Amino acid sequence: MEKSLRAGRSATFAYFVLNGFLLGMWIVHIPTVEEHTGISHAVLGWLLLLLGAGAFAGMQLVGPLADRFGARKVVPLSAALCSAALVLPGLAGSAWTLGPALLVFGFGNGCLDVSMNTHAVQVERGYGRPIMSAFHALFSIGGVIAALVGALTLSLGWGAAGTLGGMALLGLVAAAVASRALLAPEAVPAEESAATETGGAKRGTPAKIWILAALAFMLMLSEGVANDWSVLHLKDVLDAPEATAAFAYGAFATAMTVGRLLTDRVAARFGTVAVVRYGSAVAAIGLTVATLAPAVPLALAGWTVFGIGLSGCVPQLFSVAGHADPGAAGANVSRVAGLGYLGMLAGPAVIGPMTHLMPLNLAFFLPVAFCAVACFTAPILRTGAAPVSGAGPEPAQQQV
């Protein structure tokens, strides 16, 4: 049992890295694809909405499928779809072909996102202690690998179609190899299965899951603000050189990754409620510092603290949603992930118009407020949280 859990965890790590890598390879090649298709920034912005729409649709479809057939079957298929679809944007020659390509790639990405998180919940339940944040850290590391690989291939003059095609084949191989170690579907107790069939599916998603989804929307919108506006904040508000301004996102992303690697131990010691309550509070303080900073060094420190505080919050929401009902883990995760993803996309759309009414840095008080809401709403995670809440040491047989 311990050996299969270790193998299942390693396989889940692989899929998280793969997802981050595939998405990162597309991001690195956005300028190349934009130039090849001859579209403007404005048209690209509209087409990226198709990627988001595809991802949201994939998330909502694959959650119930994972509950019905088991994540073991759904994760490899989702990873294969996402991998194969990576080549499509590289083959696009116009906006009319790039749009459908992004829709399919987004759909595959959404399917993989929810299915691998559903399997991660199953692995975490087997361990009996928090391990979700480490999975999300590996997603970030996959993006870093993609940035390095993309930088190398672009410097060598490789075309987008060839590079993305090669990475698609690599992804298909990785998806097939990792599938062997995925865990078999859990046996849901009869009383829980009956409750789901007679009540859960018919009465719809519980109110608590929608609250978790709303929190995911707010926190992932805050994360999206850092992704899209941190560099512009240093450049436009503090007049930093472009090279220096780039460190704003670098500081935030590094802090997010390191924080997620450390969060599981904090959650095991103090509980998921504490991670979200104090993490979101730290994030609010960090972003406030960045917003009001009169100089670049203090702003960089603020973005770093913002990343540290925010890093462990969203994985806890996914974990609690997945553990709330083992018979509907996929559907619940899909709700939280789907609304959270919409929040990530909404960041540019919300902050941009606000800058017509106020300076960019003052618009950041919206995500500050969202972090404050998460801080005060954190106790909602207590009921139905992950199996270990920091009450004491885990059983010896669970120390895999």
Side-chain angles (χ1 to χ4, degrees), residues 10-37 39 44 47-48 50-59 61-62 65 71-117 119 135 138-182 341:
S10 298
T12 311
F13 279 145
Y15 284 110
F16 271 81
V17 172
L18 177 61
N19 192 15
F21 178 77
L22 295 174
L23 193 58
M25 287 302 297
W26 152 243
I27 292 173
V28 168
H29 285 86
I30 286 178
T32 303
V33 172
E34 183 184 34
E35 181 180 357
H36 178 69
T37 54
I39 60 176
L44 176 64
L47 292 179
L48 288 176
L50 291 176
L51 188 147
F56 183 79
M59 290 176 180
L61 175 66
V62 84
L65 291 178
R72 184 179 189 177
K73 294 182 179 179
V74 178
V75 172
L77 293 176
S78 299
L81 174 60
C82 189
S83 298
L86 177 65
V87 70
L88 298 180
L91 297 174
S94 67
W96 296 106
T97 51
L98 181 58
L102 291 179
L103 186 68
V104 175
F105 178 60
F107 183 83
N109 178 62
C111 289
L112 179 55
D113 192 314
V114 166
S115 60
M116 70 184 186
N117 272 287
H119 189 266
F135 292 130
L138 266 291
F139 174 86
S140 300
I141 291 175
V144 173
I145 296 173
L148 296 175
V149 172
L152 175 61
T153 57
L154 289 171
S155 67
L156 295 176
W158 292 11
T163 301
L164 296 181
M167 296 306 106
L169 290 175
L170 181 63
L172 289 171
V173 173
V177 172
S179 66
R180 302 177 181 180
L182 294 175
Y341 192 80

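Given the structure is predicted, the values throughout are model-derived calculations rather than measurements.
- Heavy atoms only, all atoms of each residue included: Ser155 and Leu152 are closest at OG-O, 2.6 Å.
- Every pair passing side chain to side chain donor-acceptor pair (under 3.5 Å) that includes a residue from residues 98-113 is listed here, sequence neighbours excluded: Asp113-Asn117.
- For Phe16, the ring pair (Phe, Tyr, Trp, His ring centres under 6.0 Å) test picks out Phe135, His136, with sequence neighbours left out.
- For Ile145, the side-chain contact (heavy atoms from CB on, under 4.5 Å) test picks out Val17, Phe21, Ile141, Val149, with sequence neighbours left out.
- Considering all non-hydrogen atoms of both residues, Tyr341 and Ala55 come closest at CE2-CB, 3.5 Å.
- Between Met167 atom CE and Leu169 atom CG the span is 9.0 Å, to the nearest 0.5 Å.
- Applying the side chain to side chain donor-acceptor pair (under 3.5 Å) test to pairs two or more places apart or on separate chains, none has a residue in residues 142-151.
- In terms of modelled atom types and a separation under 3.5 Å, the side chain of His29 and the main chain of Met25 share a donor-acceptor contact.
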Identify each donor-acceptor pair in which a side-chain atom of residues 73-93 lies under 3.5 Å from a protein atom, sequence neighbours left out, and give them as a table.
{"from": "Ser78", "atom 1": "OG", "to": "Val74", "atom 2": "O", "distance (Å)": "2.9"}
{"from": "Ser83", "atom 1": "OG", "to": "Ala79", "atom 2": "O", "distance (Å)": "2.8"}

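- Distance CD1/Ile27 to CG/Leu22: 11.0 Å, rounded to 0.5 Å.
- Here CG of Leu138 is found 11.5 Å from CG of Leu18. Values are rounded to the nearest 0.5 Å.
- For the atom pair CG of Leu44 and CG of Leu98, the computed distance is 7.0 Å after rounding to the nearest 0.5 Å.
- Ala95 is linked by a side-chain contact (heavy atoms from CB on, under 4.5 Å) to Ile39, Val43, Leu47, counting only residues two or more places apart in sequence or in another chain.
- No donor-acceptor pair under 3.5 Å is formed between the side chain of Thr163 and the backbone N or O of Ala160.
- Ser115 contributes atom OG, which lies 14.5 Å from atom CZ of Arg72 (distance to the nearest 0.5 angstrom).
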